[in-house]
Amino acid sequence: MIVLALCLLGAGGPPRSFDPQVRITIFAEAPDIVTPTGITIDPLGHVLVIESHTHFRPEGYKGPESDRIRRFEDTDGDARADRITTVYEGSKFTMALAFAPEGWLAVATRSEIFRLDLDAKGMARKKTALVRLDTPGNYPHNGLSGVAFDVRGNLVFGLGENLGAEYKLIGSDRVTIAGGGEGGSIFRCRGDGSQLERMATGFWNPFAMAFDAFGQLFAVDNDPDSRPPCRLLQVVEGGDYGFRFRNGRKGLHPFTSWNGELPGTLPMIAGTGEAPSGIVAYESDHFPHLVGDLLVTSWGDHRIDRFHLNLRPENATMTASRKPLIAGGDEFRPVGIATAPDGSLFVSDWVDKSYELHGKGRIWRVSSTSPPARAAITEGLRHPDRFIR
């Protein structure tokens, strides 16, 4: 039935929920938001979204010269954004953003990660460079991305395969990691950009990542070209996930592993939809039945999928079963996903299949059809055996 329903959505179908406890509604749309990428939410529930104006900018494009971070607020309680503010403007190829535990904003562009300190009105008042990527590679979205913070306040981020180009990754204390040809990696540094280190390698493009309540790191690997599917991964320190750009970009070389087929490489948890671009570990009582699951957007397959984790008792690794949570037609292109303080979700939507800027865009709110009364966090969160069901 699910497969039939997905087919019936058709080219122009709006996104629909496959879960009777979940609904999806428009929060904002063009011209208020166009070609959005990353999304995050502040403690007050304000939605911050990257609006791209530099990603494959076509000739004659009339938008701003640089990317913007825009804040969306619903001040009248009608579930639509009615106050929209530009928080920051001036970056290029901007992909991801996340709030640090201390309240400042980390922003990832293709070539740098920087810190934005916000004033009392939520406007950017100071920019501080944290990590810089020095490389001839210039493809808009296979550089730096996927910022997240661990429980210690360390900054974790991804670097894509960078078309195999040589690079130097330089931290705020001048610690430098050089590479090229090995494929994508995940790095970690202190919140101030110091003590830079490589955490794991062997990715195509670890475009988005998230920590769960137990400190486990998960990432989506986007996009293996001729070696599907894209991957959902549990990232462990020192892990090698098998991709080597030097063996060919299409991933078909016998010495390139895509699912732990070779000694010393690690498997995926599950395959994802095409072009996974966002991930959250859901841990709120707004959707009690989703607690402990990973929610992943698929730009290419027009879906938000739910991954239920299961532990392999024999070797303490994980697998996951996938179910579509929300799916739409060709003009549903979800990118970022973030959890609001009340447990609802917000999703940025690129809308059009064109990589070039096109002036379209939306933000969706995913909420419960019968939200529970606010209470203590769901009981299942406190038990590691939640993975074994």
Side-chain angles (χ1 to χ4, degrees), residues 38 40 42-43 48 50 67 69 87-88 90-119 124-138 141-162 165-203 205-212 214-219 233-241 279:
T40 193
D42 72 15
L48 280 76
I50 297 167
D67 298 340
I69 298 173
V87 171
Y88 172 80
S91 52
K92 180 180 180 181
F93 299 161
T94 319
M95 292 292 120
L97 72 175
F99 277 102
E102 301 84 359
W104 54 269
L105 190 63
V107 181
T109 75
R110 195 208 188 280
S111 59
E112 70 171 331
I113 296 175
F114 58 87
R115 166 178 175 159
L116 286 180
D117 289 284
L118 308 180
D119 62 21
R125 64 175 177 82
K126 182 182 179 182
K127 175 185 174 183
T128 306
L130 300 178
V131 178
R132 178 170 60 87
L133 176 64
D134 183 3
T135 180
N138 62 0
H141 57 251
N142 67 351
L144 301 177
S145 62
V147 291
F149 289 90
D150 69 15
V151 294
R152 297 179 178 86
N154 294 316
L155 176 62
V156 177
F157 59 92
L159 169 63
E161 39 81 23
N162 195 40
E166 293 185 356
Y167 67 85
K168 290 181 180 179
L169 196 61
I170 306 163
S172 62
D173 56 358
R174 308 302 296 174
V175 167
T176 301
I177 297 175
E182 76 278 3
S185 293
I186 290 176
F187 297 88
R188 178 174 56 205
C189 64
R190 300 289 293 273
D192 63 1
S194 66
Q195 299 184 32
L196 179 66
E197 59 183 340
R198 192 190 308 267
M199 185 178 175
T201 193
F203 307 97
N205 190 5
F207 194 77
M209 57 196 73
F211 286 94
D212 71 1
F214 301 105
Q216 299 174 113
L217 178 61
F218 299 93
L233 302 167
Q234 180 190 10
V235 181
V236 298
E237 189 160 355
D240 183 345
Y241 293 84
I279 179 173

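We count residues from 1, following the sequence as given. None of the values given here were measured: they were computed from a predicted structure. The basis for the numbers below is simple: all heavy atoms, side chains too, and nothing from hydrogens, waters or symmetry mates.
A donor-acceptor pair under 3.5 Å is absent between the side-chain atoms of Asp150 and the main chain of Phe211, judged by distance alone. With Thr135 contributing its side chain and Tyr167 its backbone, the two residues share no donor-acceptor pair below 3.5 Å. Side chain of Ser172 to backbone of Ser194: a donor-acceptor contact under 3.5 angstrom is found.
Summarising the local packing, CZ of Arg190 is surrounded by 12 or fewer heavy atoms from other residues, nucleotides or ligands at distances under 6.0 Å. Residue Glu197 qualifies as enclosed at atom CD: its count of foreign heavy atoms under 6.0 Å is above 12. Counting non-hydrogen atoms of other residues, nucleotides and ligands closer than 6.0 Å to NZ of Lys127 gives a total above 12.
The line from CG of Leu169 to OG1 of Thr176 is 8.5 Å long, rounded to the nearest 0.5 Å. Note that the CD1 atom of Ile177 and the CG atom of Leu196 stand 4.0 Å from one another [nearest 0.5 Å]. Here Met209 contributes atom CE and Ile279 contributes atom CD1; the two are 9.5 Å apart, rounded to the nearest 0.5 Å. Put simply, CG on Asp240 and OG1 on Thr201 are 6.0 Å apart, with the number rounded to the nearest 0.5 Å. Taking CG from Asn205 and CG from Asn162, the interatomic distance works out to 10.0 Å, rounded to the nearest 0.5 Å. Interatomic distance, CG of Asp173 versus CD1 of Ile170, reported as 11.0 Å (0.5 Å rounding).
What you find for Asn142 and Leu159 is that their closest heavy atoms are O-CD1, 4.4 Å. Pairing each heavy atom of Val235 with each of Ala219, the nearest pair is CG2-CB, 3.9 Å. The two atoms that bring Phe114 and Ala129 nearest to each other are CB-CA, 4.2 Å, heavy atoms only. The shortest heavy-atom contact between Ser185 and Pro206 is O-CG, 3.7 Å. For the residue pair Pro101 and Gly153, the shortest heavy atom distance occurs at CG-CA, 4.2 Å. The minimum heavy-atom distance linking Thr40 with Ala98 is given by the pair OG1-CA, 4.1 Å.
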Using the side-chain contact (heavy atoms from CB on, under 4.5 Å) rule, take Cys189 and Leu130 through it: C-alpha gap first, then chi angles, then the decisive distance, then the call. CA-CA 9 Å; Cys189 64; Leu130 300 178; 5.8 Å; no
Show your reasoning for whether side-chain contact (heavy atoms from CB on, under 4.5 Å) applies to Val147 and Phe99. CA-CA 9 Å; Val147 291; Phe99 277 102; over 6 Å; no
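Partner of Arg188 under the side-chain contact (heavy atoms from CB on, under 4.5 Å) criterion, chosen from Glu237, Gln195, Arg152: Glu237. Of the candidates Asp117, Asp119, Leu116, Lys126 forms a side-chain contact (heavy atoms from CB on, under 4.5 Å) with just one, namely Asp117. Applying the side-chain contact (heavy atoms from CB on, under 4.5 Å) test between Leu144 and each of Ile113, Val107, Thr109 identifies Ile113 as the sole match.
The aromatic rings of Phe157 and Phe187 lie parallel to each other, with less than 30° between the two planes, well short of the 60° mark. Between Trp104 and Phe149, the ring-plane angle classifies as perpendicular under the 30° and 60° cut-offs.
Ion pairing of Arg132 with Glu112 is absent here, as no side-chain N (NZ or NE/NH1/NH2) approaches a carboxylate O to less than 4.0 Å. We find that Arg198 and Glu182 are joined by a salt bridge, their nearest charged nitrogen and carboxylate oxygen being less than 4.0 Å apart.
Residues Leu105 and Asp42 form no side-chain contact, since every pair of their non-hydrogen atoms from C-beta on lies 4.5 Å or further apart. No side-chain heavy atom of Ile50 sits under 4.5 Å from any side-chain heavy atom of Met95.
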